[in-house]
Amino acid sequence: PEYHGVVVESLHGEGEAHQKMGGTKKALRFFNRALKQNPEHLKSMTSKAGVLLMLGRFGEARASYLRSLEVLPDYPPAVKGLMVIEELHK
């Protein structure tokens with residue numbers, strides 16, 4: 001339903017706001033809440049992966065990016081994120 005989508009977008013937006021202010025752990029909580037509402041919300045998956053990457057949790061970040069590619073193959077933010085992880089592990 002439409003209301004459900006608004007809730008997910010709102011949670012994602014809160015996560016993004018916290019991330020921009022440096023509140024990575026708080027951002028992660030909001031992205032996880034959005035994904036609990038909609039496990040296939042691509043923006044929340046890749047945003048979560050980005051925060052995990054910032055926290056040095058590379059395995060979890062990689063898993064989140066890969067999960068988003070299961071939902072939408074070749075999703076640019078996920079492909080880019082995986083490339084960043086690969087570069088960091090050279």
Side-chain angles (χ1 to χ4, degrees):
E2 190 174 317
Y3 173 75
H4 180 75
V6 170
V7 170
V8 172
E9 287 296 325
S10 177
L11 290 168
H12 179 262
E14 284 288 321
E16 282 189 324
H18 285 289
Q19 184 177 0
K20 287 177 184 168
M21 293 185 297
T24 50
K25 290 183 180 178
K26 230 177 198 180
L28 189 57
R29 283 197 296 270
F30 277 99
F31 296 140
N32 282 330
R33 287 176 60 195
L35 289 167
K36 189 172 183 180
Q37 294 289 320
N38 179 358
E40 295 189 345
H41 190 253
L42 286 168
K43 290 191 296 185
S44 292
M45 274 188 253
T46 53
S47 293
K48 174 183 176 175
V51 168
L52 290 167
L53 190 60
M54 291 168 61
L55 293 170
R57 294 163 59 180
F58 302 112
E60 292 172 84
R62 187 175 190 281
S64 192
Y65 284 132
L66 290 173
R67 172 71 181 110
S68 66
L69 291 175
E70 289 174 10
V71 176
L72 183 64
D74 300 322
Y75 183 54
V79 172
K80 182 178 178 183
L82 287 171
M83 289 170 55
V84 168
I85 292 172
E86 293 302 315
E87 282 294 313
L88 291 171
H89 283 114
K90 280 189 172 180

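No experiment lies behind these values; they were computed from the predicted model shown.
For the atom pair CG of N32 and OG of S44, the computed distance is 9.0 Å after rounding to the nearest 0.5 Å. Atoms CG and NE2, from L11 and H41 in turn, are 9.5 Å apart once rounded to the nearest 0.5 Å. The line from CZ of R29 to OG1 of T24 is 9.5 Å long, rounded to the nearest 0.5 Å. To the nearest 0.5 Å, the span separating CD on Q19 from CE on M21 amounts to 11.0 Å. Atom CZ of R33 sits about 8.5 Å away from atom CD of E14, to the nearest 0.5 Å. Here R62 contributes atom CZ and L52 contributes atom CG; the two are 14.0 Å apart, rounded to the nearest 0.5 Å.
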Candidate pair L53 and L88, rule side-chain contact (heavy atoms from CB on, under 4.5 Å), full reasoning: CA-CA 10 Å; L53 190 60; L88 291 171; 4.0 Å; yes
Does the pair R57 and L28 meet the rule for a side-chain contact (heavy atoms from CB on, under 4.5 Å), with working shown? CA-CA 12 Å; R57 294 163 59 180; L28 189 57; 3.7 Å; yes
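T46 contributes a side-chain N or O that, together with a main-chain N or O of L42, makes up a donor-acceptor pair within less than 3.5 Å. The closest donor-acceptor contact from the side chain of S64 to the backbone of K48 lies at 3.5 Å or more, if one exists at all.
One hydrophobic cluster holds both V7 and F30 under the rule that ILVMFWY side chains link at heavy-atom gaps under 4.5 Å.
Between F31 and H12, the gap from one ring centroid to the other is short of 6.0 Å.
A salt bridge is defined here as a Lys NZ or Arg NE, NH1 or NH2 lying under 4.0 Å from an Asp or Glu carboxylate O, and E9 with K43 meets this definition.
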Donor-acceptor pairs under 3.5 angstrom involving side-chain atoms of residues 65-84: please list them, not counting sequence neighbours.
| from | atom 1 | to | atom 2 | distance (Å) |
| --- | --- | --- | --- | --- |
| R67 | NH1 | E70 | OE1 | 3.4 |
| S68 | OG | Y65 | O | 2.6 |

